[in-house]
Engineer: 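Sharing a structure, written as structure tokens. Questions coming.
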Amino acid sequence: EQLQKEIERLKAENDFLRVKAAASLLRTSDTALWEVASHLPIGIVLENKDTLVMNFYVEGLTGYTNYELSTIPLWFDTLFGERSKEEYERYLLAREAGFPTAYEVTFTSKTGQVRVVEFRGRIFSDNEAWSLVDVTERNEAQQALAASEARHQAVLNALPDVLFMLDNNGNFIDYHAPDEMLLFAPPQDFMGKPIYDLLPEWLVREGEYWCRRAVETKEPQIWEYHYGEYDWEARAVLYHEDSVLVMIREVTTRKEAERKLLDSENRYRTLIDLLPDGFYMAKEVEILFANPTLARMLGYNSPEEIIGKSL
């Protein structure tokens, strides 16, 4: 641009020798610049009066030669097919605004590949320069990540468990709860804070032990505890080298059922033990259970002596 302005000034002064020298320098400068642009690892397209010149990167990206995409109509018709009018109007709007921001365009290459590029334009003098950066892989990675996160979130939403994630310093860094009523405190009261400041010391020590076991063994650890009015089952899983995922499930109903079953079994056993008649349970010919009366009848001191024996 500066050389072009200098040429115009020299023409005004009728210094034609210096005009000729400046024009030669401009051509040399343009040639050197395009030589560099031709080998850049991004797409470069120069436009002058609807004629296009593109570098090697664009040829490789599109699969077309410079001759096949040598004009703006050819560019849009060839690359965008049925969407050529839509994409051309989009380009015109951007050009009229001075290409204020980059935008993404999707086209089909000569080999049939669908590519996504980030398009930037710049106007200088009567010409335009476009830059094209292939973002296909980046977009695919982002889409895959978004899909993966959506799947993980769907799994989380289906879990009845409360989940906490802690870093290696014992700070809460994330959580999930199907119902925040199950949390021991509102999230704003524990997120980013150490577990030691929020829970009873005995519960922290127990959790530390099992979390440390999860890290050392790289295997899930399960333990149960009673806190508040409820029974809880906790599972610690090594999530990363410096963080542990702790899943907590309220199991009060199950524990109550287990206690009732145990009470029932104890009452049943007491009744059997008090029977005046011999009583036993066997699998095929192996004795699995016997009451004291049967043991005495067979000459043994206790039922344990005949458990496992054959009838």
Side-chain angles (χ1 to χ4, degrees), residues 155-166 168 170 172 175-179 181-185 195-196 198-241 243-311:
V155 171
L156 280 177
N157 292 341
L159 287 176
D161 306 322
V162 176
L163 281 76
F164 296 105
M165 188 178 294
L166 292 82
N168 58 358
F172 289 95
Y175 81 97
H176 165 77
D179 183 351
M181 293 295 291
L182 295 173
L183 296 173
F184 64 90
I195 190 174
Y196 321 102
L198 299 165
L199 294 174
E201 185 179 351
W202 67 268
L203 185 54
V204 172
R205 284 201 307 269
E206 190 171 350
E208 278 185 327
Y209 170 78
W210 292 109
C211 287
R212 188 164 54 251
R213 288 277 299 163
V215 173
E216 291 170 353
T217 65
K218 295 181 173 56
E219 294 180 353
Q221 303 295 315
I222 305 173
W223 71 100
E224 294 180 350
Y225 61 92
H226 183 84
Y227 180 61
E229 300 178 2
Y230 303 98
D231 292 298
W232 305 91
E233 178 189 86
R235 296 169 181 255
V237 180
L238 182 62
Y239 180 76
H240 194 267
E241 60 183 12
S243 59
V244 174
L245 184 65
V246 179
M247 294 167 280
I248 299 174
R249 177 176 295 179
E250 193 262 305
V251 293
T252 307
T253 302
R254 191 198 77 195
K255 295 295 290 184
E256 183 63 27
E258 289 176 353
R259 283 191 286 267
K260 289 180 178 179
L261 177 61
L262 182 60
D263 289 343
S264 175
E265 289 177 346
N266 288 335
R267 288 195 298 270
Y268 176 74
R269 187 182 185 103
T270 300
L271 177 63
I272 295 299
D273 286 348
L274 294 175
L275 285 176
D277 301 318
F279 180 90
Y280 71 90
M281 295 177 63
K283 182 178 181 181
E284 296 180 352
V285 295
E286 181 184 354
I287 298 176
L288 301 178
F289 172 80
N291 69 350
T293 303
L294 180 66
R296 289 193 299 271
M297 292 171 64
L298 296 176
Y300 293 94
N301 294 321
S302 68
E304 286 72 19
E305 296 180 66
I306 59 176
I307 300 301
K309 293 184 179 296
S310 173
L311 292 171

Engineer: How would you list all residue pairs meeting salt bridge (charged side-chain N to carboxylate O under 4.0 Å, His left out) that involve residues 224-239, not counting sequence neighbours?
Structural biologist: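 Sorted pair list: Glu224-Arg254, Glu224-Lys255, Asp231-Arg259, Glu233-Arg235, Glu233-Arg254.
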Engineer: What do you reckon, is OH of Tyr230 surrounded by more than 12 foreign heavy atoms closer than 6.0 Å?
Structural biologist: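 No.
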Engineer: Quick one: does Trp232's side chain have a donor or acceptor within less than 3.5 Å of a partner on Tyr227's backbone?
Structural biologist: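 Side chain of Trp232 to backbone of Tyr227: a pair is present.
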Engineer: Output a table of donor-acceptor pairs, distance under 3.5 Å, between side-chain atoms of residues 299-306 and any protein atom two or more places apart or on a different chain; print 'none' if there are none.
Structural biologist:
from, atom 1, to, atom 2, distance (Å)
Ser302, OG, Glu304, OE1, 3.3
Glu305, OE2, Asn301, N, 2.9
Glu305, OE2, Ser302, N, 3.1

Engineer: Any idea how Tyr225 and Trp202 line up, ring-wise: parallel (<30°), tilted (30 to 60°), or perpendicular (>60°)?
Structural biologist: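 Tyr225 and Trp202: perpendicular rings.
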Engineer: Quick one: list whatever passes side chain to side chain donor-acceptor pair (under 3.5 Å) with Tyr175, sequence neighbours left out.
Structural biologist: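 Residues passing side chain to side chain donor-acceptor pair (under 3.5 Å) with Tyr175: Glu180.
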Engineer: Who pairs with Ala257 by side-chain contact (heavy atoms from CB on, under 4.5 Å), at least two apart in sequence or on another chain?
Structural biologist: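 Testing Ala257 for side-chain contact (heavy atoms from CB on, under 4.5 Å), a comparison that skips the adjacent residues, returns none.
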Engineer: Please list all pairs meeting salt bridge (charged side-chain N to carboxylate O under 4.0 Å, His left out) that have one or both residues in residues 202-211, counting only residues at least two apart or in different chains.
Structural biologist: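 Qualifying pairs: Glu201-Arg205.
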Engineer: Looking at every heavy atom in both Val204 and Ile195, which two are closest together, and how far apart are they?
Structural biologist: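 Scanning both residues completely, I find the closest heavy atoms to be CG2-O, 3.8 Å.
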Engineer: Tell me which pairs pass side-chain hydrogen bond (donor to acceptor under 3.5 Å, both in side chains) where either residue lies in residues 211-220, with sequence neighbours left out.
Structural biologist: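 Residue pairs with at least one partner in residues 211-220: Thr217-Gln221.
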